[in-house]
Amino acid sequence: MSLSPTPRSTITRLRERARSAQGDLYAVLDAGLVCHLGLVRDGAPVVLPTGYGRIDDTVYVHGSTGAGYLRIADGAPICLTVTHLDGVVYARSVFHHSMNYRSAVVHGTARAVTDPAERLAALRAIVEQLSPGSWEHARQPTPRELAATAVFGIDLTEASVKVRTGPPGDDEEDIATGGRWAGVLPVRTVFGAPEPCPTLPVGAPAPEHVGARRGPRGN
């Protein structure tokens, strides 16, 4: 399926980098760990980094019910972004330096999730987005913890995806002149060796769902 563009979600600059397939949007979101959530608070813009999770055509975020921004989020216009930096692009001119990246921008209205089943599914999606396998391994939330947690859903109907890949786009005269290096320095997120909590028994092994993530991410 294709994304349905709106005036806000239509890419107007470097349109060749736009992606229109719904699967491209899912791929960018599903590969991320942190999103940036933008909203207006007290008449001023606020952009906050937070974890998230996706179920079908909804992205979920959560936080403490005491958080100031969450108290005003229900029904508020929201802009949510996810960006992956895949490479630094070195060109022969500083004008053409760039980045290889994948990015998604979602516009929508935040919706407070009150249905108990949807809330639990949303929290599971958020946990599994950051730490796959943890929902089944760790203790489930208690009623008190659930009551202290606010969950919001944002529909993915209005969204855009932009991707840049490949080498620099140098001017022909700069290529002909020579003498300057150009290319791409790849960027990857790497998970290191698990560091056990000091309160664990000495030598306690990390579970498979943690240890298996060591090394470069497959995104």
Side-chain angles (χ1 to χ4, degrees), residues 1-15 17-85 101-132 135 141 143-163 219:
M1 295 179 64
S2 297
L3 299 176
S4 298
T6 68
R8 291 193 299 186
S9 64
T10 298
I11 293 174
T12 58
R13 185 176 180 276
L14 300 174
R15 295 182 181 181
R17 297 181 185 177
R19 300 290 186 270
S20 60
Q22 196 173 48
D24 292 324
L25 173 64
Y26 293 166
V28 172
L29 295 176
D30 293 350
L33 299 176
V34 175
C35 73
H36 285 83
L37 194 66
L39 72 163
V40 175
R41 180 182 180 186
D42 298 328
V46 180
V47 179
L48 301 165
T50 186
Y52 68 97
R54 180 184 71 86
I55 300 177
D56 299 328
D57 285 328
T58 303
V59 168
Y60 294 96
V61 297
H62 79 308
S64 168
T65 54
Y69 83 96
L70 287 178
R71 288 198 295 268
I72 64 169
D74 189 23
I78 293 288
C79 182
L80 181 147
T81 67
V82 173
T83 302
H84 305 278
L85 177 62
Y101 62 88
R102 292 159 290 145
S103 66
V105 178
V106 178
H107 299 279
T109 301
R111 169 180 61 87
V113 179
T114 57
D115 177 75
E118 185 183 4
R119 278 171 52 82
L120 204 61
L123 291 171
R124 175 175 182 150
I126 294 168
V127 169
E128 291 295 297
Q129 180 84 16
L130 179 65
S131 51
W135 188 260
R144 182 177 179 179
E145 290 169 339
L146 289 172
T149 304
V151 179
F152 290 88
I154 303 164
D155 191 88
L156 294 177
T157 299
E158 189 177 2
S160 62
V161 178
K162 202 171 181 181
V163 177
N219 65 351

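It should be emphasised that the depicted structure is a prediction, and the values quoted were computed from it without experimental measurement.
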> I'd like to check Asp155 versus Val59 (side-chain heavy atoms, cut-off strictly below 4.5 Å). Are they in contact?
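The answer is no; the side chains never approach within 4.5 Å.
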
> In chain order, what residues pass the side chain to side chain donor-acceptor pair (under 3.5 Å) check against Thr65, with sequence neighbours excluded?
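Thr65 satisfies side chain to side chain donor-acceptor pair (under 3.5 Å) with no residue once adjacent residues are dropped.
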
> List the atom of Ala159, the atom of Leu25, and the distance in Å for their closest heavy-atom pair.
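Looking at all heavy atoms of both residues, the closest pair is CB-CD2, 3.8 Å.
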
> Return the minimal non-hydrogen interatomic distance between Val113 and Gly153, and the atom names on each side.
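Residues Val113 and Gly153, closest heavy atoms: CG2-N, 3.7 Å.
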
> What pair of heavy atoms forms the shortest contact from Cys79 to Val105, and how long is it?
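Nearest pair, atom of Cys79 first, then Val105: SG-CG1, 3.7 Å.
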
> To the nearest 0.5 Å, how far apart are CG in Asp24 and NZ in Lys162?
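Spacing of CG (Asp24) from NZ (Lys162) equals 15.0 Å.
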
> Are His62 and Tyr52 packed together at the side-chain level, in the sense that at least one heavy-atom pair is separated by less than 4.5 angstrom?
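Sidechains of Tyr52 and His62: no contact.
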
> Taking only residues two or more places apart in sequence, or in another chain, which ones meet Asp74 in a side-chain contact (heavy atoms from CB on, under 4.5 Å)?
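Testing Asp74 for side-chain contact (heavy atoms from CB on, under 4.5 Å), a comparison that skips the adjacent residues, returns Ala112, Phe152.
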
> Contact between Thr50 and Cys35 at the side-chain level, heavy atoms closer than 4.5 Å - yes or no?
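Answer yes - side chains close enough.
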
> Heavy atoms only: give me the nearest Leu29-Ala104 pair and the separation to one decimal.
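That closest heavy-atom pairing would be CD2-CB, 4.3 Å.
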
> Run the side-chain donor-acceptor check on residues 116-127: report pairs under 3.5 Å with partners two or more places apart or on a different chain.
{"unit_1": "Glu118", "atom_1": "OE1", "unit_2": "Arg111", "atom_2": "NH1", "d": "3.4"}
{"unit_1": "Glu118", "atom_1": "OE2", "unit_2": "Tyr60", "atom_2": "OH", "d": "2.7"}
{"unit_1": "Glu118", "atom_1": "OE2", "unit_2": "Arg111", "atom_2": "NH1", "d": "3.3"}
{"unit_1": "Glu118", "atom_1": "OE2", "unit_2": "Arg111", "atom_2": "NH2", "d": "2.8"}
{"unit_1": "Arg119", "atom_1": "NH1", "unit_2": "Thr149", "atom_2": "O", "d": "3.1"}
{"unit_1": "Arg119", "atom_1": "NH2", "unit_2": "Leu146", "atom_2": "O", "d": "2.5"}
{"unit_1": "Arg119", "atom_1": "NH2", "unit_2": "Thr149", "atom_2": "O", "d": "3.2"}
{"unit_1": "Arg124", "atom_1": "NH1", "unit_2": "Glu136", "atom_2": "OE2", "d": "2.9"}
{"unit_1": "Arg124", "atom_1": "NH2", "unit_2": "Glu136", "atom_2": "OE2", "d": "3.1"}

> More than 12 heavy atoms of other residues, nucleotides or ligands under 6.0 Å from CG of Asp56: yes or no?
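Counting other residues, nucleotides and ligands, CG of Asp56 stays at 12 neighbours or fewer.
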
> With a 4.5 Å limit on heavy-atom distance, are the side chains of Leu33 and Gln129 in contact?
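A side-chain contact is absent here, since even the closest heavy-atom pair is not under 4.5 Å.
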
> Using the test side chain to side chain donor-acceptor pair (under 3.5 Å), find all partners of Thr83 that sit at least two apart in sequence or belong to another chain.
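For Thr83, no residue satisfies side chain to side chain donor-acceptor pair (under 3.5 Å) once neighbours in sequence are set aside.
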
> Could you tabulate the donor-acceptor pairs under 3.5 Å formed by side-chain atoms of residues 40-49, not counting sequence neighbours?
none

> Using side-chain heavy atoms (C-beta onward) and a distance below 4.5 Å, is Ile154 in contact with Val106?
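Sidechains of Val106 and Ile154: in contact.
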
> What is the minimum heavy-atom distance between Ile78 and Leu39, and which atoms define it?
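Scanning both residues completely, I find the closest heavy atoms to be CD1-CB, 3.7 Å.
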
> Which residues pass the side chain to side chain donor-acceptor pair (under 3.5 Å) test with Asp57, not counting sequence neighbours?
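Result, side chain to side chain donor-acceptor pair (under 3.5 Å) vs Asp57: Gln22, Tyr26.
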
> Tell me the closest heavy-atom pair linking Leu80 and Val61, and the distance in Å.
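Taking every non-hydrogen atom into account, CD1-CG1, 4.2 Å.
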
